[in-house]
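Data first, discussion second: the structure below is written as structure tokens.
Numbering starts at 1 and runs along the sequence shown. Here the structure is a predicted model, which is why all the values come from computation and not from measurement.
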Amino acid sequence: LFGFDVFNEPFPGSAGGKAFRRLVGGIVSTVLGNKRVNKPELIKELLDSDRRGDLINVLNDPEVYHSIISKAAPIIKEFDTQYYYPFFRKVASAIRAVTKRGIIMMENCYYSNLGIPCSTPRLIYRDGSAEPNLVFSPHGYDLMVDTPAYNDASNERVDFIFDEHERTQDRLDVPVVVGEWGGFYSDEGSNYSHLIHLLHKFDRNVWSQTYWCYIDGIEDSDIFSYLSRPYPRAIAGHIVSFETNWDQRRFTLHFTADAASVKKNEIYMPEKPVEITGCSKHSVKELPDGGYLVTCSAEIGENRIEIKY
């Protein structure tokens, strides 16, 4: 048992309808009030399904996007603090009455998937003790997800969403496992640059993540070639950053080691390494279910390991 995901994408019930209407109203008023928008041209775009993406691109501006979602923020804050959090604490308390094992996963409200701030407090039980094994598990998609326009998903908009999730992480002071992201269901027309952009962002934040969704045959798709990538499995110290360069077939890991090289540092590689630099000793082991496990030594202090494959 890894842990307990208490509530998937908590939805604020009837208040959700009010939030949705405020978001739609915000989009209309913001777009119509934007001086850069040519009004006659806007009408043509609305009537032309092939050009509606041009209208949505107005929302790439972070200030414009924030002005829209902020209109629903008070509704979501009330839900998070007055309804979701008491329920979440009650369920977590019941879990801990049975077992102290496992991680408690806290998701954000459904509307926070769009970047509306999550206001759920840190999990504090009635006796005043804080949950020691709490993880924030946010979800996030560009607002064009599940539409034909998703192939033109905006990196700027998802940056806004996950930057807000990072602020929630800082407030809660807990690790992050991104519970849902992606939403590409086939290779046809998939925006790989958007997928790669998100993976880089998660890696820079040193976040774990689970992709939505795994469908039949995905292991044979181009999408899977990006999802199945190198990652640090166990590091004797603190990870500063890691990154995969698919074009150069290179994985780079920066970390600070707080123990001598007798400690093992383990890196998963989907393909066999051809060159390893940055550590005095290393070994490569083929795994029975596919991929390779690289074990590297480290020195106390700064370390930079580079693996080509």
Side-chain angles (χ1 to χ4, degrees), residues 140-142 150-163 165-166 175-178 180-184 186-212 214 218-257 264-287 289-299 301-309:
Y141 300 94
D142 182 72
Y150 193 45
N151 290 329
D152 297 318
S154 165
N155 292 342
E156 291 83 359
R157 289 195 294 264
V158 293
D159 279 347
F160 183 96
I161 292 167
F162 284 105
D163 286 347
H165 289 329
E166 187 177 13
V176 162
V177 176
V178 178
E180 280 190 28
W181 71 281
F184 297 103
S186 71
D187 284 334
E188 184 178 354
S190 291
N191 186 347
Y192 297 124
S193 63
H194 185 66
L195 185 147
I196 292 171
H197 177 83
L198 281 165
L199 285 172
H200 282 325
K201 189 170 191 67
F202 299 156
D203 290 351
R204 283 195 301 271
N205 290 350
V206 196
W207 287 353
S208 298
Q209 49 81 22
T210 54
Y211 178 82
W212 174 268
Y214 283 83
I218 192 172
E219 64 274 10
D220 298 319
S221 69
D222 289 338
I223 293 172
F224 198 73
S225 68
Y226 294 104
L227 298 177
S228 179
R229 71 196 203 291
Y231 67 89
R233 195 171 85 161
I235 300 299
H238 173 72
I239 297 174
V240 177
S241 66
F242 59 94
E243 182 180 61
T244 299
N245 186 313
W246 281 271
D247 293 333
Q248 298 181 9
R249 299 177 62 80
R250 184 182 70 237
F251 173 74
T252 305
L253 168 67
H254 290 86
F255 66 100
T256 57
K264 292 182 178 180
N265 299 282
E266 298 181 347
I267 300 169
Y268 169 81
M269 298 295 298
E271 298 181 41
K272 190 173 182 178
V274 296
E275 183 180 353
I276 301 173
T277 58
C279 56
S280 57
K281 295 181 180 179
H282 67 264
S283 63
V284 178
K285 177 184 178 182
E286 187 172 4
L287 299 172
D289 294 327
Y292 296 82
L293 181 64
V294 177
T295 302
C296 294
S297 62
E299 303 296 331
E302 298 289 334
N303 289 265
R304 182 181 186 276
I305 296 174
E306 184 175 288
I307 303 176
K308 294 182 179 180
Y309 59 98

(request) Tell me, with the steps shown, if V294 and I305 meet side chain to side chain contact (heavy atoms under 4.5 Å, CB included). (result) CA-CA 11 Å; V294 177; I305 296 174; over 6 Å; no
What heavy-atom pair brings [X] and [Y] nearest, and what distance separates the two atoms?
X: I307; Y: P273; value: CG2-CB, 3.7 Å
X: C296; Y: C279; value: SG-SG, 3.5 Å
X: S280; Y: E299; value: OG-OE2, 4.1 Å
X: G182; Y: Y211; value: CA-CE1, 3.5 Å
X: D142; Y: A153; value: OD2-CA, 3.7 Å

(request) Anything under 30° is parallel, anything over 60° is perpendicular, the rest tilted; go ahead and classify Y150 against H194. (result) perpendicular
Rounded to the nearest 0.5 Å, how far apart are [atom1] of [X] and [atom2] of [Y]?
X: F184; Y: D222; atom1: CZ; atom2: CG; value: 13.0 Å
X: R229; Y: N245; atom1: CZ; atom2: CG; value: 13.0 Å
X: F242; Y: R304; atom1: CZ; atom2: CZ; value: 15.0 Å
X: I196; Y: W246; atom1: CD1; atom2: CH2; value: 5.5 Å
X: Y268; Y: L293; atom1: OH; atom2: CG; value: 10.0 Å
X: T295; Y: K281; atom1: OG1; atom2: NZ; value: 13.0 Å

Would you say [X]'s side chain and [Y]'s backbone share a donor-acceptor pair under 3.5 angstrom?
X: N303; Y: G301; result: yes
X: Y231; Y: D203; result: no
X: N265; Y: I235; result: no
X: S228; Y: P270; result: no
X: T210; Y: V178; result: yes
X: R249; Y: K308; result: no

Mind checking whether [X] and [Y] have side chains closer than 4.5 Å, heavy atoms only?
X: E166; Y: V176; answer: no
X: P230; Y: M269; answer: yes
X: P232; Y: F255; answer: no

(request) Verify the distance criterion only: is there a donor paired with an acceptor across the side chains of Y141 and E180 at less than 3.5 Å? (result)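 Yes, a side-chain donor-acceptor pair sits under 3.5 Å.
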(request) Verify the neighbour count for atom CH2 of W207: are there more than 12 heavy atoms of other residues, nucleotides or ligands below 6.0 Å? (result)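 More than 12 within 6.0 Å, yes.
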(request) Could you name each residue pair satisfying salt bridge (charged side-chain N to carboxylate O under 4.0 Å, His left out) that touches residues 233-245, not counting sequence neighbours? (result) R233-E266
(message) Please evaluate residues V158 and L198 with respect to the criterion side chain to side chain contact (heavy atoms under 4.5 Å, CB included), reporting the C-alpha separation (whole Å), side-chain torsions for both, the decisive distance (0.1 Å), and the verdict.
(response) CA-CA 8 Å; V158 293; L198 281 165; 3.9 Å; yes
(request) Could I get the full list of ring-ring contact (aromatic ring centres under 6.0 Å, His included) partners for F202, not counting sequence neighbours? (result)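 F162, W181.
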(request) Take K201 and N155, measure what side chain to side chain contact (heavy atoms under 4.5 Å, CB included) needs, and give me the verdict at the end. (result) CA-CA 10 Å; K201 189 170 191 67; N155 292 342; over 6 Å; no
(request) Walk me through it: do I267 and L253 pass the test side chain to side chain contact (heavy atoms under 4.5 Å, CB included)? (result) CA-CA 9 Å; I267 300 169; L253 168 67; 3.9 Å; yes
